Amino acid sequence: MKIAVGADHAGAGLKDRLCAFLRELGHEALDLGTRGGASVDYPDFAHAVAGAVAAGQAERGILVCGTGQGMAMAANRHQGVRAAVCRDLFDTGLARRHNDANVLCVGARVVGEGLAEEMTRVFLETGFEGGRHQRRVDKIGPNPP
Ligand code: RB5
């Protein structure tokens, strides 16, 4: 799978580690930055990753900031993007099985590196259950009722 990955300064270190982990798993990691610890604005990287997913340039996305929250808020502005803030493996599995999440948002100040790697594995290996969950995902939008 081709995965677009982005982070702000708070998430850059974890983002680098997750890119290496993706490659170890045999995936293609499209690293859209940031690099290093200089202060940047998280929406710039959320829009880059979400835009790549929305355009079909990547099948999935992973975004890392301090909490994951700001990244998800910005990424979810893109049509067809379902970005989920996940804190553990249960969250991550259900975001895939029930919500068909295509962008995983992780907080580097919240989640340890080992757990973030396992969340990445679950995010990539867990399928969407469809059925009643497809109806509910369809109702998310793009246009609210
Ligand atoms: C940066 O300090 C922090 O606000 C950012 O990484 C993120 O947590 C925002 O949601």
Side-chain angles (χ1 to χ4, degrees), residues 1-129 133 136-145:
M1 237 187 266
K2 187 170 178 179
I3 319 293
V5 188
D8 71 356
H9 51 283
L14 179 55
K15 181 264 296 172
D16 291 344
R17 180 155 169 171
L18 294 181
C19 283
F21 184 67
L22 287 168
R23 292 174 184 130
E24 276 170 30
L25 293 179
H27 297 287
E28 184 181 349
L30 180 63
D31 185 347
L32 298 179
T34 190
R35 290 183 176 78
S39 184
V40 293
D41 298 334
Y42 62 80
D44 296 338
F45 300 91
H47 291 312
V49 166
V53 172
Q57 291 157 358
E59 291 165 77
R60 300 271 178 89
I62 297 176
L63 286 164
V64 190
C65 65
T67 61
Q69 302 288 0
M71 288 296 200
M73 290 177 194
N76 277 319
R77 306 289 300 196
H78 292 251
Q79 199 165 318
V81 167
R82 291 174 299 281
V85 180
C86 295
R87 301 286 161 105
D88 56 33
L89 300 179
F90 183 77
D91 246 0
T92 309
L94 279 178
R96 284 291 311 134
R97 286 163 49 205
H98 287 191
N99 311 115
D100 199 17
N102 52 11
V103 175
L104 172 67
C105 300
V106 181
R109 293 173 176 160
V110 182
V111 172
E113 291 189 337
L115 176 55
E117 287 185 351
E118 288 311 305
M119 287 165 57
T120 296
R121 186 196 302 276
V122 166
F123 175 63
L124 296 177
E125 294 180 357
T126 304
F128 176 49
E129 288 179 4
H133 301 296
R136 293 162 185 168
V137 166
D138 290 342
K139 284 186 176 182
I140 291 174
N143 301 310

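Whatever order the structure lists them in is the order used to number ligands and atoms, beginning at 1. Because the structure is a prediction, the values reported are computed rather than measured. Throughout, numbering of the chain's residues begins at 1 and tracks the sequence.
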Could you identify the single nearest non-hydrogen protein atom to atom 8 (O) of ligand 1 and state the distance to 0.1 Å? T67 N, 3.0 Å
Nearest protein heavy atom to atom 6 (O) of ligand 1, by residue and atom, and its distance? D8 OD2, 2.6 Å
Could you establish whether M73 and ligand 1 come within less than 4.0 Å of each other, counting only heavy atoms on the residue side? no
For the backbone of G11 and the side chain of D8, can you confirm whether one donor and one acceptor N or O come within less than 3.5 Å of each other? yes
Need the ligand 1 atom indices (1-based, order shown) with element for anything under 4.0 Å from a heavy-atom of A10. 6 (O)
So is G66 polar-close to ligand 1, meaning N/O to N/O under 3.5 Å? yes
Within a distance under 4.0 Å of any heavy atom of Y42, pick out the atoms of ligand 1 and give their elements. 9 (C)
Tell me: protein heavy atom nearest atom 3 (C) of ligand 1, and distance? R109 NH1, 3.9 Å
Judged by atom type as modelled, is there a donor-acceptor pair below 3.5 Å linking the side chain of E59 to the main-chain atoms of K2? yes
With a 6.0 Å cut-off (strictly less than), is the heavy-atom count around CZ of R136, excluding the residue itself, greater than 12? yes
Does ligand 1 have a heavy atom under 4.0 Å from the side chain of C65, from its backbone, from both, or from neither? both
Considering only heavy atoms of H9, which atoms of ligand 1 have at least one such atom less than 4.0 Å away? 1 (C), 2 (O)
Heavy atom of the protein closest to atom 10 (O) of ligand 1 (residue, atom name, distance): G70 N, 2.9 Å
With under 30° as parallel and over 60° as perpendicular, where do the rings of H133 and H98 fit, or are they tilted in between? parallel
Would you say the side-chain atoms of R82 pair up with the backbone N or O of V137, donor to acceptor, closer than 3.5 Å? no
Between M119 and the options D88, I62, V106, L18, the side chain to side chain contact (heavy atoms under 4.5 Å, CB included) test singles out V106
Flag side-chain contact, heavy atom, 4.5 Å: E117 against E24: no
